[in-house]
Chemist: 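Encoded as structure tokens, here's the structure I'll be asking about.
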Amino acid sequence: MTGNSGTGHMRLNVRSPALKGLNKGEGLRRAVEQKMLHNETFDEAWARLFAMKNSPTDERRLMVVKQAMEEGRIGRDPDRASRRFSKAEVKDLYAILEEQARLGRLQELRDNKPNNYVMITDEEGLTEVVDALRKESVIVFDVETTGVDVHSDIVVGHVLSATEKDVHYYIPTDHKEASPQLDREYVANILRPIYEDASKGFIAHNAKFDLQMLYNNFGITVANLMWDTQEAMRLLNENEPSYALKTLATKYLRDNSYTYGDLFGQIGFDEVDLETALAYAAKDGDLTYRLYLFQRHHLAKHGNILEYFETVEMPMIPLVSKIELRGYDIDTERAEEYAAEIREEIDELQEELRREFGDINMNSPAQLKEAIEASIGRQIPNTNANKTLKPLSKDYKILRTLLDYRSLTKTLGTYVEAIPQLIKKQTGRVHTELRPNGTVTGRFSSGEDSETSVTRGLINIQNQSPESRTLYVAPEGHYIVNADFSAQEVRIIASLSQEDVLINAFAEGVDAYATLASEFFNKPYDECYKLPDGSDTEYRKQMKVVLLSSMYGASKYGLSDSLGIGVEEAEEFRLSFFDKYRKIDGFIKDTQAFAKRNGFVWIGDKSRKRRLPEARNKREFIPQGKWNDPKYENAKRKNRAISQAMRQGPNARVQGLAAMQTKKTMLALDELVERKGWEWFAPIHDEIVLYVTDDINEDDFAEIDRVMTQTYLLDGVDNATDIEVQRRWGDSITAEEFLKGVEVPKL
DNA sequence: ATTCTGAGCCAC
DNA sequence: AAACGTGGCTCAGAAT
């Protein structure tokens, strides 16, 4: 046993600093006094600490430290032993244990390093790497860096795996350790022909990052990206809790691997010593290749997922890499003027709100709720704008003021003030990350990666409001052109359900919503289409809401909310809708039955799965009047999950197919973009946005139209697209107007 | 001082 | 009893 560990009485600490300088006899006497003073055994000390108000984390730390002390793995700091054993001391001991564990993991990593992990630090070695890679057709690559910002961080080493030879090289170039390393530019230039050799297939985990790092650091373009093990995993299981390489290796390769954070904490890889770096980095290459073999085997087993992955998802990665690096030109001057304008308005509104609500924080829902209730003299469930405040705002002017204030602070805080601060000094533009499988249905997600806690100053390009869009501009000599898939999801619903009314409407080129409304309300088509001013008629508006929300499983309550009608009326509406459109009803029921049998649904000709394991569960019976009985909490949770899966199934088939159509169309459109020397702006679900040169002509528009409508055909339904041109995002004219000579609005 | 959670709200 | 699918960002307030 070491130190003062143990479960018995506290030992006398004759070496305590408080006793220093006293002779032995005197020290012993004082130590006894201190013990008397504390008068506490270790058991009593632990009992006291455990009896305190501890958070779950603290509770766990107490347990860990107690056990470590009992096992003699750690003891009290002699300098503190004269004082009463405290929670603060336990926390410090816990931190020491954590650090010990981390160093242990690093030691384990070095000790277990296989002989086929090879470090390259001289020219001869690098020649050996090149010779080995020349003989390979499949190469794993991975760059090690100082961090995860592709604009500011730098490459400090290359991992390259010769997969057939089964040797995994690490070539450090910029580690801080003093021992000799090859020059980074020299290494890049020697490796360049390998990376740019299109006859070799390259594999990486989260390849987009490595592509961007190689491009930004050395101007290297990897010619033939063949597999991304992170992206493949998103198709193998979109419900995976983590897509970190080490987590996947632990789970699927049964190789207990620690994550970067577990091993190194927050430091950059250049701080890591070379011996440890080799063991860690070469293992990346090794694991990535093993994961690739595993994934290829499993993806090939089901439907057409492998083919879809290789022909759509893999080519998407270099394309998206390019889109992210391009970024967005921001009109900073306008942003400043606009911000000043909004701030002034906000101040005025805030004054008005203060007079009514008092000196509260207008951004606090809790404080607001109380103030509103006092002001209007009635209870409200929440301060939600659409659900609660808007309906009441007809009667209360102050609520109209509040709604204005809300909307302006949102515009200012989330967009107008925030966006200019995110401009990267390296490019003078703002950037996004676009994750092609960031959602469970296969849609893109955009912005910071919510799976990690690191923020890199990225914007979400997919949720820009009409106000914020005006800050995004085309550079001199360019326009922004956007092409949407008109009524993309409705066409897909028509195609999947083969519902005649919808199919016929699209075939005749008439408005689908108006046709449905005309059928449903038994009114002439014209009365169900648009008003003279171009806005929707009530019938069309209602049909839009009913069609999409019903498809996605809205209940009579949700429908009642969004239509602004009574619950029973909404239910009648919903029931008669499905009664009339039997094939839409059939599509939903068939999809749900399939999910119930199989625990998943197919998307797009067996190209991907949406796994819904909860769909297979059996509903629990909850007797009338027992809904509030805590005994049925679990049953309720289980039933809720089943209902949710039943709503997700049909939605995933529609949304997922739409995402596939957008992706395939993007790949086709990229050929045009490259040929014309245009650039990418972004995909926004049912819309594709580009930067084009201002010499764009009729043929170019025709070609965009052709690519949008002909690349991914739907069963029984034509595609259609609307194309617009603008200098400032949102301030657009149609392509038709443009070709007739209408002036594009100036900046 | 930093991290987490919920309310609210932006997009399709 | 909850009641419409897929995301991400900001702020307040609590937890750590």
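Atom set for the values below is all heavy atoms of this structure, side chains included, hydrogens, waters and symmetry mates excluded.
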Chemist: Answer yes or no: is there an ion pair linking Glu313(A) with Lys663(A), defined by an N-O contact shorter than 4.0 Å?
Modeler: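 A salt bridge links Glu313(A) with Lys663(A).
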Chemist: Can a side chain N or O of Thr383(A) be found less than 4.0 Å away from OP1 or OP2 on dG8(B)?
Modeler: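 Checking Thr383(A) against dG8(B): at least one side-chain N or O falls below 4.0 Å of OP1 or OP2.
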Chemist: Looking at dC10(B), does its base get a donor-acceptor pair with the side chain of Lys410(A) below 3.5 Å?
Modeler: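 Check fails, no donor-acceptor contact within cut-off.
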Chemist: Ignoring the backbone of Glu448(A), work out which of dC9(C), dG8(B), dG5(C) is nearest its side chain.
Modeler: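 Looking only at side-chain atoms, Glu448(A) lies closest to dC9(C).
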Chemist: Phosphate oxygens OP1/OP2 of dG13(C): is one of them under 4.0 Å from a side-chain N or O of Ser364(A)?
Modeler: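 For dG13(C), OP1/OP2 do have a side-chain N/O of Ser364(A) under 4.0 Å.
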Chemist: Base, sugar-phosphate alone, or nothing: which one does Arg574(A) contact when heavy atoms must sit under 4.0 Å apart?
Modeler: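 If one applies the 4.0 Å heavy-atom cut-off, Arg574(A) turns out to touch nothing in the nucleic acid.
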Chemist: Can you tell me how far C1' of dC4(C) sits from CG of Leu563(A), to the nearest Å?
Modeler: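 Result: 12 Å.
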Chemist: Can a donor-acceptor pair be found between the side chains of Ser445(A) and Arg435(A) at a distance below 3.5 Å?
Modeler: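 Yes, a side-chain donor-acceptor pair sits under 3.5 Å.
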Chemist: Ignoring backbone atoms, establish whether Arg435(A) has a side-chain N or O less than 4.0 Å from OP1 or OP2 of dG8(C).
Modeler: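 Answer is yes, contact under 4.0 Å.
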Chemist: So, is Asn361(A) near the phosphate of dA12(C), with a side-chain N or O under 4.0 Å from OP1 or OP2?
Modeler: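 The answer is yes; a side-chain N or O of Asn361(A) sits under 4.0 Å from OP1 or OP2.
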Chemist: Glu489(A) CD to dA11(B) P: how many Å, rounded?
Modeler: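 Answer to the nearest Å: 16 Å.
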Chemist: With a 4.0 Å cut-off on heavy atoms, is Asp561(A) in touch with a base, just the backbone sugar-phosphate, or nothing at all?
Modeler: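 Counting heavy atoms under 4.0 Å across all strands, no contact is made by Asp561(A).
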Chemist: Any side-chain donor-acceptor pair under 3.5 Å between Asn437(A) and Glu231(A)?
Modeler: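 Yes, side-chain donor-acceptor contact under 3.5 Å.
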Chemist: When you look at Ser643(A) and Arg619(A), which way does the side-chain hydrogen bond (donor to acceptor under 3.5 Å, both in side chains) test go after all the steps?
Modeler: CA-CA 9 Å; Ser643(A) 300; Arg619(A) 276 183 191 284; 3.1 Å; yes
Chemist: For Ser453(A) and for Leu403(A), find the nucleotide of DNA chain B with the closest heavy atom, then tell me which residue's nucleotide is more 5'.
Modeler: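 First, find each residue's nearest nucleotide; the 5'-ward one identifies Ser453(A).
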Chemist: Taking CD from Glu433(A) and P from dG8(C), how many angstroms apart are they, rounded to a whole number?
Modeler: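 For the pair Glu433(A) CD and dG8(C) P, the rounded distance is 10 Å.
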Chemist: May I ask you to verify if any side-chain N or O of Ser446(A) is less than 4.0 angstrom from the OP1 or OP2 atom of dG8(C)?
Modeler: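 Looking at the OP1 and OP2 atoms of dG8(C), neither is under 4.0 Å from any side-chain N or O of Ser446(A).
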Chemist: Examine the base of dC9(B) for any acceptor or donor lying under 3.5 Å from a partner atom in the side chain of Arg406(A), and report the outcome as yes or no.
Modeler: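 Answer is no: no donor-acceptor pair is held.
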Chemist: Give the ring-plane orientation class for Tyr472(A) versus Tyr328(A), where under 30° counts as parallel, over 60° as perpendicular and anything between as tilted.
Modeler: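 Answer is perpendicular, since the angle exceeds 60°.
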Chemist: In whole Å, what is the span from the CG atom of Leu612(A) to the C1' atom of dG5(C)?
Modeler: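 Taking atom C1' of dG5(C) as the reference, CG of Leu612(A) is at 12 Å.
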Chemist: Picking from Arg429(A), Arg469(A), Arg728(A), what satisfies salt bridge (Lys or Arg N to Asp or Glu O under 4.0 Å) with Asp331(A)?
Modeler: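 Only one of Arg429(A), Arg469(A), Arg728(A) forms a salt bridge (Lys or Arg N to Asp or Glu O under 4.0 Å) with Asp331(A), namely Arg728(A).
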Chemist: NA contact type, Val440(A), heavy-atom cut-off 4.0 Å: base, sugar-phosphate, or nothing?
Modeler: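 Val440(A): backbone/sugar contact only, no base atoms under 4.0 Å.
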Chemist: For Lys369(A) and dG6(B), give me the distance from atom NZ to atom P, rounded to whole Å.
Modeler: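 Nearest whole value for this atom pair: 18 Å.
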Chemist: Roughly how far apart, to the nearest Å, are dC4(C) and dC4(B) at atom P?
Modeler: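 31 Å, rounded to whole Å.
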Chemist: Taking the nucleotide of DNA chain C with the closest heavy atom to each, which residue, Asn639(A) or Arg610(A), is nearer the 5' end?
Modeler: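 In this pair, the answer is Asn639(A).
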Chemist: For Gln367(A), report the nucleic acid contact type (base, sugar-phosphate, nothing); a contact means any heavy atom under 4.0 Å.
Modeler: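 Answer is sugar-phosphate: Gln367(A) comes under 4.0 Å of backbone atoms only.
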Chemist: In this structure, how many angstroms lie between the P atom of dA15(C) and the NZ atom of Lys91(A), rounded?
Modeler: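 To the nearest whole Å, that distance equals 14 Å.
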Chemist: Under a 3.5 Å threshold, yes or no: a donor from one side chain and an acceptor from the other, between Tyr405(A) and Asn363(A)?
Modeler: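 Yes - a donor-acceptor pair under 3.5 Å links their side chains.
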Chemist: Can you measure Tyr552(A) atom OH to dA3(C) atom C1' for me and round it to whole angstrom units?
Modeler: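 Computing the Tyr552(A):OH to dA3(C):C1' distance gives 18 Å.
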Chemist: I want to check one thing: is the phosphate of dC4(C), taken as OP1 and OP2, less than 4.0 Å away from some side-chain N or O of Ser555(A)?
Modeler: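 Yes, because at least one side-chain N or O of Ser555(A) sits under 4.0 Å from OP1 or OP2 of dC4(C).
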Chemist: Can you tell me if the side-chain N/O atoms of Gln648(A) get under 4.0 Å from OP1 or OP2 in dC4(C)?
Modeler: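 So the side-chain polar atoms of Gln648(A) never come under 4.0 Å of the phosphate oxygens OP1 or OP2 of dC4(C).
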Chemist: Which part of the nucleic acid, if any, lies within reach of Arg469(A) when heavy atoms closer than 4.0 Å are counted: base, sugar-phosphate only, or nothing?
Modeler: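 Touches sugar-phosphate only.
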Chemist: Below 4.0 angstrom from OP1 or OP2 of dC12(B), is there any side-chain N or O of Asn463(A)?
Modeler: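 It does not, given that no N or O in the side chain of Asn463(A) lies less than 4.0 Å from OP1 or OP2 of dC12(B).
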Chemist: Report yes or no: do Thr662(A) and Gln488(A) form a side-chain donor-acceptor pair below 3.5 Å?
Modeler: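 Present: a donor and an acceptor within the cut-off.
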Chemist: Determine: side-chain N/O of Ser445(A) to OP1/OP2 of dG8(C), distance under 4.0 Å, yes or no.
Modeler: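 For Ser445(A), the contact criterion (side-chain N or O under 4.0 Å from OP1 or OP2 of dG8(C)) is met.
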Chemist: So Arg443(A), base contact, sugar-phosphate only, or nothing? Heavy-atom distance under 4.0 Å.
Modeler: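 Base contact.
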Chemist: Would you tell me if any nitrogen or oxygen in the side chain of Arg647(A) comes within less than 4.0 Å of OP1 or OP2 on dG5(C)?
Modeler: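 Yes.
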Chemist: Of all the choices, dG8(C), dC10(B), dC4(C), which nucleotide is nearest to the side chain of Ala554(A) once you look at every atom?
Modeler: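 When the side chain of Ala554(A) is considered, dC4(C) is the closest of dG8(C), dC10(B), dC4(C).
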Chemist: Without decimals, in angstroms, what is the distance between Glu620(A) CD and dA2(C) P?
Modeler: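 My rounded result for the distance is 17 Å.
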Chemist: Select base, sugar-phosphate, or nothing to describe what Glu687(A) touches, counting heavy atoms under 4.0 Å on all strands.
Modeler: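 Glu687(A): no heavy atom of the nucleic acid under 4.0 Å.
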Chemist: Mind checking if Ala658(A) touches a base, just sugar-phosphate, or nothing, with heavy atoms under 4.0 Å?
Modeler: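 The answer is nothing, as Ala658(A) stays clear of every strand by at least 4.0 Å.
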Chemist: Which part of the nucleic acid does Pro466(A) contact within heavy-atom distance under 4.0 Å: base, sugar-phosphate only, or nothing?
Modeler: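 Pro466(A): backbone/sugar contact only, no base atoms under 4.0 Å.
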Chemist: Which part of the nucleic acid does Phe444(A) contact within heavy-atom distance under 4.0 Å: base, sugar-phosphate only, or nothing?
Modeler: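 Result for Phe444(A) = nothing.
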